[in-house]
Amino acid sequence: MKKLKLIQSIVDNGVVAVLRGKDANEVYEMAEQAIAGGIKVIEVTMTVPSALTAIEKLAAKYSSTTNDPSKFAIIGVGTVLDPETARAAILSGSEFVVGPALNPATITLCNRYRVPVMPGVMTIKEIQEALELGVDVVKLFPGSSPSMIKSIKGPLPQANIMPTGGVTLDNLGEWIAAGAVAVGIGSDLTTEAVKQGDLSLVAKRAAQYIQAFQAAKK
């Protein structure tokens with residue numbers, strides 16, 4: 001049941017912070033700020049040096065099952081290319097796995113351990129294959145236009161789609177209206193904060209995204 005509850009919680013929270021940085025410490029602080037701003041689903045990408053260290057620290061501090069709102073967050077891993085990386089991340093505390101592309105072996109591994117997995121897809125063929133492999137939510141990457149979801153939903157209305165890349169504050173509402181179950185936010189969340197040397201700006205940007213998501217859901 002934990003897998004189903006996690007998927008529902010990710011969908012309910014709606015916004016996933018996709019975090020990249022120069023090292024584990026920077027990404028950990030970015031995650032702290034994003035959580036403080038209201039984004040409770042954190043994806044630490046494996047392109048970050050020592051990414052597993054950041055995941056371990058975050059998983060030790062936050063929980064998806066706590067009743068304490070200040071300690072609630074769902075910590076996951078992104079840019080996973082293979083099952084070996086997925087397994088290492090799961091052992092480090094990752095509660096969901098995201099890949100940039102469709103890798104059947106990674107999906108099999110995650111299904112074995114009942115961990116939500118969201119592979120990156122672009123075509124109807126890839127989405128159909130993901131569904132056949134037992135994927136619950138696919139990551140539309142890159143998400144160039146909300147109209148893509150309408151096109152996908154024609155032949156595959158049962159697909160649960162999370163766009164990542166191409167989602168902004170200005171068009172988040174369009175993505176939700178088009179049928180996205182959640183959205184992934186990457187560089188737009190952190191670029192200005194890194195440029196200014198003030199990671200507290202991540203919290204302010206996160207709050208804006210949560211406000212936009214909640215408005216779109218109404």
Side-chain angles (χ1 to χ4, degrees), residues 2 6 9-10 13-66 68-101 103 105-106 109-110 113 115-120 139 141-142 162 164-165 167 182-210:
K2 184 179 179 181
L6 276 171
S9 189
I10 291 170
N13 281 277
V15 181
V16 180
V18 182
L19 301 180
R20 304 180 189 277
K22 64 182 179 181
D23 55 36
N25 289 333
E26 182 178 61
V27 166
Y28 178 84
E29 188 173 347
M30 287 177 176
E32 291 257 87
Q33 293 294 333
I35 292 167
I39 295 181
K40 301 297 187 177
V41 188
I42 305 296
E43 176 188 329
V44 177
T45 64
M46 286 302 297
T47 53
V48 176
S50 301
L52 296 182
T53 299
I55 291 171
E56 287 174 357
K57 288 176 64 179
L58 289 165
K61 181 171 182 178
Y62 297 98
S63 170
S64 64
T65 58
T66 181
D68 182 351
S70 68
K71 297 295 184 182
F72 173 82
I74 304 170
I75 309 301
V77 63
T79 321
V80 173
L81 305 180
D82 48 58
E84 294 82 5
T85 303
R87 178 67 171 141
I90 292 167
L91 289 173
S92 296
S94 177
E95 293 194 289
F96 66 91
V97 173
V98 181
N103 183 285
T106 299
L109 182 284
C110 291
Y113 294 101
V115 173
V117 56
M118 292 171 267
K139 168 186 170 180
F141 178 77
M162 179 183 77
T164 301
V167 180
V183 295
I185 310 298
S187 60
D188 190 55
L189 184 65
T190 59
T191 297
E192 190 62 27
V194 172
K195 182 180 177 180
Q196 299 276 349
D198 180 5
L199 291 184
S200 69
L201 295 176
V202 174
K204 294 179 181 178
R205 194 69 168 167
Q208 291 176 322
Y209 268 104
I210 290 299

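Throughout, numbering of the chain's residues begins at 1 and tracks the sequence.
- For the pair Ala89 and Leu52, the tightest heavy-atom approach, listed with the atom from each and the gap, is CA-CD2, 3.6 Å.
- Residues Ala17 and Leu189 share a closest heavy-atom pair of CB-CD2, 3.6 Å.
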Table please: side-chain donor-acceptor pairs of residues 72-82 below 3.5 Å, with sequence neighbours left out.
| unit_1 | atom_1 | unit_2 | atom_2 | d |
| --- | --- | --- | --- | --- |
| Thr79 | OG1 | Arg20 | NH1 | 3.4 |
| Asp82 | OD1 | Glu84 | N | 3.4 |
| Asp82 | OD1 | Thr85 | N | 2.8 |
| Asp82 | OD1 | Thr85 | OG1 | 2.6 |

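- Two residues are said to be in side-chain contact when any heavy atoms from C-beta on lie closer than 4.5 Å; Phe96 and Ile10 meet this criterion.
- Listed by first and then second residue, the salt bridge (Lys or Arg N to Asp or Glu O under 4.0 Å) pairs involving residues 34-53 amount to none (not counting sequence neighbours).
- Across every non-hydrogen atom of Ser92 and Ala59, the tightest pair is O-CB, 4.1 Å.
- Within the model, atoms CD1 of Ile35 and NZ of Lys71 stand 10.0 Å from one another, a figure rounded to the nearest 0.5 Å.
- Of the options Val18, Thr53, Val27, a side chain to side chain contact (heavy atoms under 4.5 Å, CB included) to Val44 is made by Val27 and by none of the others.
- With contacts defined as side-chain heavy-atom distances shorter than 4.5 Å, the pair Tyr209/Asp188 qualifies.
- For Gly184 against Met162, the heavy-atom pair with the smallest separation is N-CG, 4.1 Å.
- Nearest approach of Asn103 to Pro83, heavy atoms of both residues: OD1-CD, 4.1 Å.
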Is there a side chain to side chain contact (heavy atoms under 4.5 Å, CB included) between Thr164 and Val16? Walk through the geometry before answering. CA-CA 9 Å; Thr164 301; Val16 180; over 6 Å; no
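- Once rounded to the nearest 0.5 Å, the distance linking CD of Glu95 with CG of Leu58 reads 11.5 Å.
- What you find for Leu201 and Ala193 is that their closest heavy atoms are CB-CB, 3.8 Å.
- Remark: Ile90 CD1 to Ile55 CD1 distance equals 10.5 Å, nearest 0.5 Å.
- A distance of 9.0 Å separates CD1 of Ile185 from CD1 of Ile210, quoted to the nearest 0.5 Å.
- Between the CD atom in Glu192 and the CZ atom in Arg205 there is a gap of 8.5 Å [rounded to 0.5 Å].
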What verdict does the side chain to side chain contact (heavy atoms under 4.5 Å, CB included) test give for Leu199 and Val194, after you've listed the backbone C-alpha separation in whole Å, the side-chain angles of each residue and the deciding distance to 0.1 Å? CA-CA 6 Å; Leu199 291 184; Val194 172; 4.3 Å; yes
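- Using a 4.5 Å heavy-atom cutoff, the side chains of Ser64 and Leu6 are in contact.
- The side chain to side chain contact (heavy atoms under 4.5 Å, CB included) check on Glu32 picks up Tyr28, Lys61, Tyr62, with sequence neighbours excluded.
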